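On a predicted model such as this, the values are computed, not experimentally measured, just so you know. In what follows, chains carry the letters A, B, and so on, assigned in the order in which the sequence lines appear, proteins first and then strands, with residues in each chain numbered from 1.
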There are 2 protein chains.
Amino acid sequence: MDNKTKARYEARAQIIKALAHPSRLFIVEELSHGKRCVCELTEMIGADASTVSKHLSILKNSGLVNDEKVGTSVYYELLTPCILNFFGCVENVMKSNAERHLELIN
Amino acid sequence: MDNKTKARYEARAQIIKALAHPSRLFIVEELSHGKRCVCELTEMIGADASTVSKHLSILKNSGLVNDEKVGTSVYYELLTPCILNFFGCVENVMKSNAERHLELIN
DNA sequence: TTCTTATTTAGCTAAATTGCCAAATAATCA
DNA sequence: TGATTATTTGGCAATTTAGCTAAATAAGAA
């Protein structure tokens, strides 16, 4: 595998890594319904505001969301709705896994 | 966020995490063209066989691939081709990011 | 059986990730 | 101006991940 190819896979992995956390998945899904400020997301997630802010900056650095300041609040917006299609595939994997588990039990 | 919802997001994140590594992304894409044994993948990736084996076990534990022994070799197979659709979305994100970078420069 | 090849597992270290607290920054309000 | 609210950043400890070497396991060949 040459260096250019390797770099491309690393860039892809970087973006997927940004999605690979429960809170960040929640944020992406919530933002698919509309813009939300940090305080709203913090309330819903139930973690420290600084923690949520860091999750948001990871998503922003990966180019998945954008932010916009309104008064003292910062509103985040989903830039890439195509990600949502992927969640369906992930659900299918989870369903298959559950079925396989059941087979093992019975 | 109640516990059940949290558990669901964690399960999703677990699967996405399995994809969040350049070598594992390569493996998934390579397996989309057909079954491959560990030695073939090891050769292509250029890492230690034990490392590749561990990557494969991560993919298998997440339910993304399956394995089958043939002689002394173990062949892996992609179980979830729907993942490939997602890669197109990731490419789009990368393209948008590149364009944004160019705008900043000019 | 002994040797060889393919694969997995164990053990280790280095690096990355996570989440909290505390402090810094920014905008608004009294 | 001083106080308040929203957000981000720095710093730290705990946990997880990655990839190597060495050793264990498994199947086939001599």
Side-chain angles (χ1 to χ4, degrees), chain A residues 1 3 6-7 9-28 30-31 34-78, chain B residues 1 3 6-7 9-28 30-31 34-62 64-77:
Chain A
M1 188 155 37
N3 279 343
K6 195 178 285 186
Y9 279 104
E10 257 164 41
R12 282 193 196 178
Q14 200 55 42
I15 291 170
I16 298 179
K17 225 183 276 187
L19 290 168
H21 187 286
S23 298
R24 296 198 290 268
L25 285 180
F26 173 83
I27 290 170
V28 167
E30 184 60 29
L31 294 186
K35 301 182 181 183
R36 300 284 186 270
C37 70
V38 182
C39 58
E40 288 172 319
L41 295 167
T42 298
E43 163 97 28
M44 291 186 258
I45 292 172
D48 195 88
S50 69
T51 300
V52 174
S53 174
K54 277 182 188 172
H55 283 310
L56 286 163
S57 86
I58 289 170
L59 290 172
K60 189 185 168 188
N61 286 333
S62 301
L64 299 168
V65 305
N66 204 0
D67 62 350
E68 171 194 15
K69 190 149 199 171
V70 179
T72 59
S73 295
V74 176
Y75 282 80
Y76 280 81
E77 156 188 39
L78 184 63
Chain B
M1 188 153 38
N3 279 343
K6 197 179 284 188
Y9 279 105
E10 258 165 39
R12 281 193 195 178
Q14 200 55 41
I15 291 170
I16 298 178
K17 226 184 275 186
L19 291 168
H21 187 285
S23 298
R24 296 198 290 269
L25 285 180
F26 173 83
I27 290 169
V28 166
E30 184 60 30
L31 294 186
K35 300 182 181 183
R36 298 284 186 273
C37 69
V38 181
C39 58
E40 289 171 319
L41 295 167
T42 298
E43 162 98 27
M44 291 187 257
I45 291 172
D48 196 88
S50 70
T51 300
V52 174
S53 175
K54 276 184 187 170
H55 283 310
L56 286 163
S57 86
I58 288 170
L59 290 172
K60 189 185 168 189
N61 286 334
S62 302
L64 298 168
V65 305
N66 203 1
D67 61 350
E68 171 193 15
K69 190 148 198 170
V70 179
T72 60
S73 295
V74 177
Y75 282 81
Y76 280 82
E77 157 190 36

Worksheet item: Side chains of A/Lys6 and A/Glu10: closer than 4.5 Å at any heavy-atom pair?
Response: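 A/Lys6 reaches A/Glu10 side chain to side chain.
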
Worksheet entry | Side chain proximity check, B/Val65 to B/Glu77, heavy atoms < 4.5 angstrom |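 No, side chains not in contact.
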
Determine yes or no for a side-chain-to-main-chain donor-acceptor pair under 3.5 angstrom, with [X] supplying the side chain and [Y] the backbone.
X       : Y       : result
B/Glu43 : B/Glu40 : no
B/Thr42 : B/Val38 : yes
A/Ser62 : A/Ile58 : yes

Expressed in angstrom and rounded to an integer, what is the separation of [X] atom [atom1] from [N] atom [atom2]?
X       : N      : atom1 : atom2 : value
B/Glu10 : C/dT17 : CD    : P     : 18 Å
B/Leu41 : C/dT7  : CG    : P     : 9 Å
B/Arg36 : C/dA6  : CZ    : C1'   : 18 Å
A/Lys35 : D/dT7  : NZ    : P     : 15 Å
B/Lys69 : D/dG28 : NZ    : P     : 9 Å
B/Asp48 : D/dA23 : CG    : P     : 14 Å
A/Ile45 : D/dA6  : CD1   : P     : 16 Å
B/Leu59 : D/dA18 : CG    : P     : 11 Å

Discussion item. Judged by each residue's nearest nucleotide on DNA chain D, which is more toward the 5′ side, A/Lys54 or B/Thr72?
Written reply: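 Result of the comparison: A/Lys54.
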
Practice prompt. Identify, between B/Gln14 and A/Val52, the residue whose nearest nucleotide on DNA chain D lies closer to the 5' end.
Written response: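 On the 5' side of the pair lies A/Val52.
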
As a test of reading the structure: which of [options] is closest to the side chain of [X], going by heavy atoms?
X       : options               : answer
B/Ala47 : D/dT8, D/dC20, C/dT18 : D/dC20
B/Lys17 : C/dA6, D/dT17, D/dC20 : D/dT17
A/Asp67 : C/dA26, D/dC20, D/dT8 : D/dT8
A/Ser73 : D/dT21, C/dT18, D/dT7 : D/dT7

Worksheet entry | Residue whose nearest DNA chain C nucleotide is more 5′ - A/Ser23 or A/Val70 |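 The answer here is A/Ser23.
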
Worksheet item: Got a second to check how far A/Tyr75's OH is from A/Leu41's CG, nearest 0.5 Å?
Response: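 Answer for the OH-CG pair, A/Tyr75 versus A/Leu41, is 10.0 Å.
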
Worksheet item: Distance check: side-chain N/O of B/Tyr76 vs OP1/OP2 of C/dT8, anything under 4.0 Å?
Response: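 For B/Tyr76, the contact criterion (side-chain N or O under 4.0 Å from OP1 or OP2 of C/dT8) is met.
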
Worksheet item: Does D/dT17 have OP1 or OP2 sitting under 4.0 Å from an N or O in the side chain of B/His55?
Response: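 No, no such contact exists.
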
Regarding [X], tell me which of base, sugar-phosphate or nothing describes its non-hydrogen contacts under 4.0 Å with the strands shown.
X       : answer
A/Lys60 : nothing
B/Ser50 : base
A/Ser53 : base
A/Tyr75 : nothing

